[in-house]
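Have a look at the structure below, then the notes.
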Amino acid sequence: MSRRQTPLRPYFESMPPVGSALSEVEVTRTAENVNLVREQEQLIAKEVERVKNAGIPAQKVHDRGGMTVYDRLDYLVDPGTWCPLHTLYNPRDNEEGCTGVVNGIGKISGKWAVIIGFDNKVMAGAWISGQSENILMVTDMAKRLNIPLVWMTNCSGVKLMEQETVYAGRRGSGTPFFRHADLNHLGVPILNAIYGTNPAGGGYQGISPTILLAHKDANIAVGGAGIVGGMNPKGHFDVEAAKALIEATKAFKAKSPGRVETHFDQTAYFREVHDTEQGVLDGIKQYMRMLPAYDPTMFRVAAPVEPKFPGEDLNRILPVNQKRQYDAKQILARLTDNSEFMEYRSDYGPEVFTGIAKVDGFPVAFIGNNQGFFPDYPKYANDTYFGVGGKHYREGLIKQGEFVTLCGRDNLPIIWLQDTSGIDVGDLAEEAELLSLGQSLIYSIEQTELSMMCVVLRKGSAAAHYIMCGPQANNNNAFTLGTPMTEIYVMHGETAAAASYARRLVKEDSAGKPLDPVLDKMNQMIKDYQDKSRPAYCAMNGFVDEIVALTDLRKYIQAFVGANYQNPRSITPVHQMLLPRIIKG
């Protein structure tokens, strides 16, 4: 007879429960909040639809017998696993309405991958402004998570009339080729499904991955017909030069460089060539089956189980009104397996919670801001003021630094649930070393080499947004999510207006001048802060990687956790972990 059990069963099999079901009174009281959430979701959905419809109509691609990038994604990705990212990202507000690539994380043949494709409806997949940064965020994610990067290349090269916004610079469109080389060096495979005509930069985009699979009509080349024919030594075009260009273009149209006959039959760059677009994607699926991945049983500490309480409750629990408080543990109870959470040092630094939970049976760490008021805290204030939820004080910063360090030791991926208004300020706060302790938390994060995920539930404000593994944590942060409530700013608009105009008000008042002109400027500044901190603006400018519905948060968390445990670079045997023992004592 054989007997089996999960690792550290006494610690993980039945962890402390958190949360409770909502009462009928709470359901009734929060009806307005649900409506406000839905309003924001509708605004975001409208923006997403606008991006998906960018470029030529999908039907035009279908009429040519082709697939759009969205068709390819639907065919390639395992049903129910697709988690899009950077959908609204468009930092320079391109006339195309997007950056020309579609990306996210999903499963292919049962294994997690970072997936990106050129939107072939938008200028045939041209390089356009903001695209290179979008691609770099994706390559960083594959590196952080140590999972394959899968490309669907269909790239017509640079949008030549705006080359200065695309081509050059430290993070220009050539940088991804170096990032691909970095991933290959680290052993992170890059699979590439190649479609259409890919000249110049599109050719390097096609050749820089690890494995190349092509459609029969695809080509990759250093230059296309227009580039070769456009090499004109006169420095200008006249009728004679135009005639020469016409003839050169006709010749190259007849026989495009870098086609399948070259790169399959001669150079053997293409591993496979397929007659159908779906066939190329089938080839990608087959290669994904070949890649390393542990059976989840290797790392699971319990069988996967859903939370006890429905995710729809989150639309009631998290107030749209930023000034209203809520129970952060009720949020956790809708995200973690069986609504369980093993808290670390609950009696210390009450403004933040830290601890371990299970997601899909995998152990994972959570850190977040508690809300409410904390009398007799912080101790260094000596009762001159009391602690407020969302702010960081001495004990909370120390606790987070300790916890992150222990997570690094135990190789536990961390999920940060931000709703922070900043770090305590003033002479007492400086004497309590908060400036140094905030930086110490950043140091702790950087030393772990862990992959982390950040969710800005509502507020990401001041330096607190940085220290809680915001997007600035490039070596750790895999991706950052926003919600329909997310606001990100250096400080609240009213605070910023007061800081900017307080002395001006004093000066005008002392001079006996009317205050209305200054007040108008202050109120305009408040409006600007509001307009430039809303969810869609945050997504467009890359403050977050995606705005997601609260009901989809667990899905993204499952993707993040599953990807972390698919093929980890470093493994701590579960029975050798310290954190659960430290928590239990």
Side-chain angles (χ1 to χ4, degrees), residues 51 54-55 69 85-104 114 116-120 122-144 149 151-186 188 190 192 197-209 220-224 226-227 230-231 446 466 470-480 488 532 537-546:
V51 170
V69 67
L85 294 165
H86 313 115
T87 304
L88 302 185
Y89 183 66
N90 185 15
R92 297 201 184 185
D93 198 16
N94 296 339
E95 64 180 356
E96 293 82 8
C98 62
T99 60
V101 287
V102 180
N103 54 74
V114 176
I116 181 168
F118 285 94
D119 189 342
N120 53 328
V122 179
M123 296 192 68
W127 284 1
I128 57 179
S129 180
Q131 184 183 107
S132 61
E133 188 64 39
N134 199 338
I135 294 171
L136 293 176
M137 290 188 288
V138 167
T139 57
D140 283 349
M141 183 167 29
K143 183 177 179 178
R144 294 283 73 74
L149 174 60
W151 264 100
M152 292 176 290
T153 296
N154 199 155
C155 177
S156 59
V158 178
K159 182 182 180 182
L160 295 174
M161 61 286 290
E162 295 179 8
Q163 62 87 26
E164 74 282 357
T165 70
V166 175
Y167 170 69
R170 184 173 287 273
R171 299 177 72 83
S173 289
T175 313
F177 310 150
F178 286 85
R179 291 295 179 85
H180 286 172
D182 184 33
L183 292 179
N184 283 322
H185 176 68
L186 294 170
V188 177
I190 310 165
N192 196 3
T197 300
N198 302 274
Y204 284 100
Q205 193 74 48
I207 200 71
S208 57
I220 56 173
V222 174
I227 294 176
M231 292 180 177
E446 191 76 2
Y466 302 159
Q472 303 78 17
N474 287 292
N475 288 335
N476 301 85
N477 182 303
F479 54 86
T480 296
I488 297 175
K532 294 177 180 179
Y537 186 92
C538 291
M540 180 180 292
N541 288 276
F543 301 168
V544 297
D545 294 300
E546 191 80 350

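Judged by distance alone, the side chain of N120 and the main-chain N or O of N154 form no donor-acceptor pair under 3.5 Å.
Every residue two or more places apart in sequence or in another chain was checked for a side-chain hydrogen bond (donor to acceptor under 3.5 Å, both in side chains) with W127, and none qualifies. Applying the ring pair (Phe, Tyr, Trp, His ring centres under 6.0 Å) rule to Y204 yields the partners F177; only residues at least two apart in sequence or on another chain are considered. Partners of D182 by side-chain hydrogen bond (donor to acceptor under 3.5 Å, both in side chains), not counting sequence neighbours, listed by chain and number: K143. For A124, the side chain to side chain contact (heavy atoms under 4.5 Å, CB included) criterion is met by S156, not counting sequence neighbours. Residues satisfying the side-chain hydrogen bond (donor to acceptor under 3.5 Å, both in side chains) test with T153, not counting sequence neighbours, are N192. Remark: N541 pairs with Y537, F543 by the side chain to side chain contact (heavy atoms under 4.5 Å, CB included) rule, at least two apart or across chains. Among residues two or more places apart in sequence or in another chain, the side-chain hydrogen bond (donor to acceptor under 3.5 Å, both in side chains) test is passed with S208 by H180. Shown here are the ring pair (Phe, Tyr, Trp, His ring centres under 6.0 Å) partners of F118, two or more places apart in sequence or in another chain: W151. Annotation: side chain to side chain contact (heavy atoms under 4.5 Å, CB included) contacts of N184 (sequence neighbours excluded): I190, T210.
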For the pair M137 and Y89, evaluate side chain to side chain contact (heavy atoms under 4.5 Å, CB included) and give the outcome as yes or no after the intermediate values.
-> CA-CA 11 Å; M137 290 188 288; Y89 183 66; 3.9 Å; yes

Step by step, work out the side chain to side chain contact (heavy atoms under 4.5 Å, CB included) result for I488 and C538.
-> CA-CA 7 Å; I488 297 175; C538 291; 4.1 Å; yes

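The minimum heavy-atom distance linking I128 with V166 is given by the pair C-CG2, 3.6 Å. Here the closest non-hydrogen pair linking P91 and G130 is CG-CA, 4.3 Å. Of all heavy-atom pairs between L149 and A142, the closest is CB-CB, 4.1 Å. Shown here for P471 and T480, the closest heavy-atom pair between the two residues is CG-OG1, 3.5 Å.
Residues C98 and V51 have side chains in contact (heavy-atom distance under 4.5 Å, counting atoms from C-beta outward). Considering only heavy atoms from C-beta on, R179 comes within 4.5 Å of D140 through its side chain. Between V102 and I116, every side-chain heavy-atom pair lies at or beyond the 4.5 Å cut-off. Counting heavy atoms from C-beta on, the side chains of T87 and E546 come closer than 4.5 Å. In this structure, the side chains of E446 and N476 come closer than 4.5 Å at one or more pairs of heavy atoms.
Screening residues 126-138 for salt bridge (Lys or Arg N to Asp or Glu O under 4.0 Å), with sequence neighbours left out, gives E133-R171. Sorted by first and then second residue, the side chain to side chain donor-acceptor pair (under 3.5 Å) pairs involving residues 157-167 (not counting sequence neighbours) are E95-K159, E96-K159, K159-E162.
Between the side chains of N198 and Q205, no donor-acceptor pair of N or O atoms lies under 3.5 Å. If you check the side chains of S173 and Q131, you find no donor sitting under 3.5 Å from an acceptor. A donor-acceptor contact closer than 3.5 angstrom is absent between the side chains of N90 and T99. One side chain, N134 or N103, offers a donor N or O that lies under 3.5 Å from an acceptor on the other.
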